[in-house]
Number of protein chains: 2
Amino acid sequence: MNQKEVTIAKPVMLDKNFFSGHSVDCVILGFEQGEIKVLLLKWKAFEKWSLPGGFIGNDEDLDKAAIRILQERTGISLPFLEQFHSFGDVNRKGKESFLSEIKSLIGHDSNLINWISQRFISTGYLSLVNIKKCNLVPDELSERCEWVSLNNVSNLIYDHNEMIKMALQKIKMQLNYLPIGITLLDSKFTMKELQLLYQSILGKEIDRGNFQKKMLKLDILIRLEKQNLGGAHKAPYLYKFDKLKYKKLLKKGFGYIN
Amino acid sequence: MNQKEVTIAKPVMLDKNFFSGHSVDCVILGFEQGEIKVLLLKWKAFEKWSLPGGFIGNDEDLDKAAIRILQERTGISLPFLEQFHSFGDVNRKGKESFLSEIKSLIGHDSNLINWISQRFISTGYLSLVNIKKCNLVPDELSERCEWVSLNNVSNLIYDHNEMIKMALQKIKMQLNYLPIGITLLDSKFTMKELQLLYQSILGKEIDRGNFQKKMLKLDILIRLEKQNLGGAHKAPYLYKFDKLKYKKLLKKGFGYIN
DNA sequence: ACAAAAGTGTTATCCTTACACCCATGT
DNA sequence: ACATGGGTGTAAGGATAACACTTTTGT
């Protein structure tokens, strides 16, 4: 492989050679105050937000690159990200090129500018996390790194809004097969919190009683002591996931296997 | 965008400039004699089979590239292919490089050889088709273009065997939501043929009576006259899909929407 | 006492599953 | 007559959805 021809220059985000023409973007979703939130970066150089993304090392697996990029850009370490789609439209960057902003970021090295402003195909990766367990550390390119409620997501750069949409579709599909709460909630939670999570993903109301019965019948929840938060009402039970039974359920398959 | 730097040389498969480092591979599945079959190409230059694949034009959407590549390499024109996964492991090409074979195909232009033997990330596309309606025309690189029963698929080049596996997984998931037969069967078919199709995708037996009831209840099949094939038994009905109702069912959603 | 939220129960309806029964046809 | 495969029916069990009832708690 002739590296001189394929890798033109080093982008700034990492001190190594990158694979040309392909990038990764991460849709990291969390749940807080009854709302789904997505992890976004605010650029230092210009007034735009974007998904945490980056480039792939020449000697790096695509899946591994996603994990590294997320860590470097946001501080979040995850052992596994799920690929959900690759975005390869010619005009996926839209009309705004951010060229002057990019120059202010990376300097005026023309090789580098050419490299970074070429066409990129980007593969989207996805994960659901517990917001409280995430210690956010924005990288040097970013002014801020924040959880943004889905309703408040602005016009992101390139096709990042579409990426979020597709990630949510994928989540919806998995919701039918997987008890998703284990990654998004605290270790202890009430049935109401779990229900709010499902409702905000599905975008619809669910009957309270039926939801409770359905979840309990899965036999992956352990009921703990009651929690008295001091409302004028009965105290709700706390639950935690029975991780052993949860794993067994996963291994048994997602419903379409058998 | 500086094309001189990004596009090094022209590969042979098409007379235009290609996007570097990214390819497309198509998993096209059909159904014949009660078996799922996959469309494969046998190389002229060496004794290996592979999925129909190719490169992406510099000014071509990824999705469009897949459609064009399939047409050029196999003769099959489809209006739509579904993306299912991108394969980006560093060593996805495996140990065999086929370098000498590639040279015999494309000549000894070192730029071209470098271009073609670099690392490629490949996006897999998927479709289900009616074998009888496909007029196979192998391209100049291929000796043959054939439907191969899944059980008879040999060791394909690179990670193509894994690609087929992942495509089948995706199909299984969709089977729960979509009445898939419309693309795979003849316009007229018996309930038994439809059942054999489902069984071969799911890899399990389905109760005959229950399957019939379930399919009829979907209300997308039109019962036609009986077909007497001359067996020592009752003649089965023929069915065709009610395409209007079928489309309505699709629009209504796949089950996870509501 | 009352409202609010949590836990549980009831009922009708639908779907799934396993299996049985009858029908048509060629040998 | 009988085996073979095709169409339909039945009964049990499970899942779902709508809704009602009871319990706990602060005001």
Side-chain angles (χ1 to χ4, degrees), chain A residues 33-34 172 175-179 181 185-186 188-199 202-240 249 252-258, chain B residues 33-34 172 175-179 181 185-186 188-199 202-240 249 252-258:
Chain A
Q33 294 159 337
K172 270 191 191 176
L175 204 52
N176 274 6
Y177 298 118
L178 292 176
L185 296 174
D186 292 341
K188 296 179 182 183
F189 51 89
T190 65
M191 194 59 78
K192 174 141 204 179
E193 290 172 310
L194 188 59
Q195 186 182 343
L196 282 172
L197 169 59
Y198 272 75
Q199 286 182 166
L202 290 173
K204 67 166 187 178
E205 303 269 302
I206 305 172
D207 181 89
R208 189 175 53 88
N210 294 334
F211 181 80
Q212 172 125 326
K213 267 173 290 179
K214 190 172 175 177
M215 284 299 136
L216 292 178
K217 200 165 9 179
L218 285 177
D219 194 32
I220 52 169
L221 293 180
I222 299 171
R223 178 174 280 182
L224 306 169
E225 79 283 2
K226 292 200 178 189
Q227 176 198 40
N228 199 324
L229 287 169
H233 53 77
K234 203 179 194 174
Y237 288 106
L238 286 175
Y239 295 89
K240 66 172 181 180
L249 193 68
K252 246 179 46 180
F254 309 117
Y256 58 87
I257 303 259
N258 264 325
Chain B
Q33 294 159 337
K172 269 192 191 176
L175 204 52
N176 273 8
Y177 298 118
L178 292 176
L185 296 174
D186 293 341
K188 297 179 181 182
F189 51 88
T190 65
M191 193 58 80
K192 174 141 202 177
E193 289 173 311
L194 188 59
Q195 186 182 341
L196 282 172
L197 168 60
Y198 271 74
Q199 287 183 167
L202 290 173
K204 67 167 185 176
E205 302 269 301
I206 305 171
D207 181 90
R208 189 174 53 89
N210 295 333
F211 180 81
Q212 171 124 329
K213 268 174 290 180
K214 190 172 176 178
M215 284 299 135
L216 292 178
K217 201 166 9 182
L218 285 177
D219 195 31
I220 52 169
L221 294 181
I222 299 172
R223 178 174 281 181
L224 306 169
E225 78 283 3
K226 291 199 178 187
Q227 177 200 38
N228 200 324
L229 288 168
H233 53 76
K234 204 178 192 173
Y237 288 107
L238 285 176
Y239 295 90
K240 66 173 181 180
L249 192 68
K252 244 178 49 179
F254 309 115
Y256 58 87
I257 303 260
N258 263 325

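These numbers come from the heavy atoms of this one structure, side chains and all, not from hydrogens, waters or symmetry mates. In what follows, chains are A, B, ... by sequence order, proteins preceding strands, each numbered from 1.
A donor-acceptor pair under 3.5 Å links the side-chain atoms of E193(A) to the main chain of T190(A), judged by distance alone.
Between the CD1 atom of I206(A) and the P atom of dA18(D) there is a distance of 12 Å, given to the nearest Å. When the P atom of dA20(C) is taken as reference, atom NZ of K213(B) falls 14 Å away, rounded to whole Å. Following rounding to the nearest Å, L216(B) (CG) and dT8(D) (P) show an atom-to-atom distance of 7 Å. The interatomic distance linking N210(A) (CG) with dT8(C) (P) rounds to 14 Å, in whole Å. With rounding to whole Å, Q195(A) atom CD is found 13 Å from dA17(D) atom P. Distance NZ (K226(A)) to P (dT23(D)): 12 Å, rounded to an integer number of Å. The NZ-P distance, from K214(B) to dT8(D), rounds to 18 Å in whole Å. Regarding Q212(A), its CD atom lies at a distance of 13 Å from the C1' atom of dT23(D), rounded to whole Å.
Heavy-atom nearest nucleotides on DNA chain D were determined for A235(B) and for A235(A), and the one closer to the 5' end corresponds to A235(B). Nearer to the 5' terminus of DNA chain C, by closest-nucleotide assignment, is the contact made by G209(A) (compared with the other of K234(B) and G209(A)). Nucleotides of DNA chain C nearest to D207(A) and A232(A) differ in position, and the one nearer the 5' end is that of A232(A).
Across every non-hydrogen atom of K226(B) and A235(B), the tightest pair is CD-O, 3.5 Å. Between Y237(A) and R223(A), the shortest heavy-atom distance links the atoms CE1-NH1, 3.3 Å. Among all heavy-atom pairs drawn from L221(A) and Y239(A), the shortest one is CB-CD2, 4.1 Å.
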Base-pair map of DNA chain C as dot-bracket, where | denotes pairing with a different strand and pairs are Watson-Crick or G-U under 3.5 Å: |||||||||||||||||||||||||||
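The number of heavy atoms from other shown groups lying within 6.0 Å of NZ (K214(A)) does not exceed 12. In this structure, E225(B) places its CD atom where more than 12 heavy-atom neighbours from other residues, nucleotides or ligands lie under 6.0 Å away.
Between the base of dG5(D) and the side chain of R208(B) there is no donor-acceptor pair shorter than 3.5 Å.
How far CZ of R208(A) is from CD of Q195(A): 8.0 Å, rounded to the nearest 0.5 Å.
Checking dG7(D), dA24(C), dG7(C) against every side-chain atom of P236(B), the shortest atom distance belongs to dG7(D).
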